[in-house]
Amino acid sequence: MEIIIQPSPEAATDIAARIIARQLREKPKSVIGLATGSTPLLLYRKLIEMNLDWSGVTTFNLDEYISLPREHPQTYHSFMRENLFRNINIAEENIHIPDGNAKDIPQFCMEYEQQIHASGGIDIQVLGIGTDGHIGFNEPTSSLASRTRIKTLTQQTRRDNARFFGSEEAVPHHVITMGIGTIMEARQNLLLAFGQNKARAIAEAVEGPITASNPATILQMHPVTKLCIDEPAAADLKRADYYRWVYTNKPDWQTF
Ligand code: F6R
């Protein structure tokens, strides 16, 4: 894991945006995995400003709520259109977001996995992290080998996401999410986390034992995972000084 601690969400996002920009320049037909929620908003704004060429890029989103009408402002279809897709030159047919209204959800999930595979696999997967350590919507106790499937949100996640819906009751219980096994197959994972409320989940993910009780801990087993986090999210890391030293003293050829 590479832990990049920056003074602000803006500075951490800048680095993540440079990593993605380089990927798109080096491989115009890249496959990028995308996340939603508040964390990647700055990243998407930054990527729009960079005016990159997305014409050959394929995207796969991590997750979607089940049973919300697609036009509902809180679906991840709406989120992605509003915050990224309407502002970049991506081809409509290259966008993939789980269909929370699919008639046969297990069949849909199997096909989503097949589409990822057929695209050549995800080059960079963008991730946020839940306060309970979830990645995608793989809640604690998710199988660490899981594939795209239906999941039930924990009360903690529904409470955390109530801010988007106006009330906790309005947050759906069920979602479709890429599995942890799916995420682990991405060639690179790029996790962003900002704010003190993520500090415990981040400390466990980086320095704790690998456990399904904090699904993000599995990223310790991934060969290319970068964390771009701000100081408050890094607050509980025991080896923060070491990570800072490593990043500041990176040889030129290793910088982004
Ligand atoms: C969303 C997703 C979730 C969020 C996580 C953090 O696509 O996969 O894992 O990244 O719930 O959400 P925010 O960024 O709103 O704190």
Side-chain angles (χ1 to χ4, degrees), residues 9-10 12-13 16 32-46 59-66 68 72-85 95-100 109 112 116 122 124-142 146-166 168 171-184 186 189-202 204-205 212 214-219 225-230 232-233:
E10 288 76 10
T13 296
I32 306 292
L34 297 172
T36 55
S38 50
T39 306
L41 279 172
L42 271 174
L43 175 68
Y44 296 154
R45 209 173 303 151
K46 183 85 200 160
T59 62
F60 286 92
N61 265 79
L62 281 167
D63 40 22
E64 177 59 290
Y65 293 109
I66 286 182
L68 285 186
H72 188 289
Q74 295 308 329
T75 63
Y76 291 161
H77 280 81
S78 300
F79 176 100
M80 290 309 303
R81 190 147 313 283
E82 181 61 25
N83 294 298
L84 184 64
F85 295 146
I95 295 173
H96 303 85
I97 304 176
D99 179 0
C109 293
Y112 202 68
I116 295 174
I122 293 172
I124 297 184
Q125 175 65 58
V126 176
L127 296 170
I129 186 170
T131 55
D132 60 5
H134 70 230
I135 48 175
F137 271 140
N138 295 285
E139 296 285 28
T141 70
S142 287
S146 50
R147 314 300 308 190
T148 303
R149 70 209 181 294
I150 190 167
K151 279 300 286 180
T152 305
L153 296 180
T154 59
Q155 207 185 336
Q156 185 174 337
T157 298
R158 292 185 63 247
R159 208 177 302 129
D160 287 345
N161 287 2
R163 68 191 193 280
F164 300 117
F165 286 84
E168 196 176 318
V171 183
H173 284 269
H174 293 110
V175 293
I176 296 177
T177 180
M178 273 187 209
I180 297 177
T182 323
I183 293 169
M184 289 296 282
N189 279 301
L190 187 55
L191 188 148
L192 292 97
F194 311 131
Q196 172 77 42
N197 66 334
K198 301 290 172 75
R200 193 178 58 88
I202 287 291
E204 284 176 9
N214 176 330
T217 58
I218 193 64
L219 295 171
T225 289
K226 297 184 174 80
L227 269 65
C228 296
I229 61 178
D230 68 355

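Treat the numbers as computed from the prediction; the structure is a model and nothing was measured. Just follow the structure's listing: the first ligand is 1, and inside any ligand the first atom is 1.
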What about Y65 and F164, are their ring centers closer than 6.0 Å?
->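 Centroid distance Y65-F164: not below 6.0 Å, so no.
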In a simple table, one pair per line, please give the protein and ligand 1 atom names for every N or O pair closer than 3.5 Å, along with the distance.
residue	atom	partner	partner atom	Å
ligand 1	7 (O)	T36	N	2.9
ligand 1	7 (O)	T36	OG1	2.8
ligand 1	7 (O)	D63	OD1	2.7
ligand 1	7 (O)	D63	OD2	3.3
ligand 1	8 (O)	D63	OD2	2.8
ligand 1	8 (O)	G136	O	3.4
ligand 1	9 (O)	G136	O	2.6
ligand 1	11 (O)	H134	NE2	2.6
ligand 1	14 (O)	S38	N	3.3
ligand 1	14 (O)	T39	N	2.9
ligand 1	14 (O)	T39	OG1	2.4
ligand 1	15 (O)	S38	N	2.9
ligand 1	15 (O)	S38	OG	3.0
ligand 1	15 (O)	R163	NH2	2.9
ligand 1	16 (O)	K198	NZ	2.7

Nearest 0.5 Å please: distance from the CD1 atom of I122 over to the OG1 atom of T59.
-> 9.5 Å
Separation between CG of D230 and CD of Q196, rounded to the nearest 0.5 Å | 9.5 Å
Backbone N or O of I129 within a donor-acceptor pair of the K198 side chain at under 3.5 Å?
->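 Present.
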Between the main-chain N or O of T152 and the side-chain N or O of H174, is there a donor-acceptor pair closer than 3.5 Å?
-> no
pair Y76-L34: side-chain heavy atoms closer than 4.5 Å | no
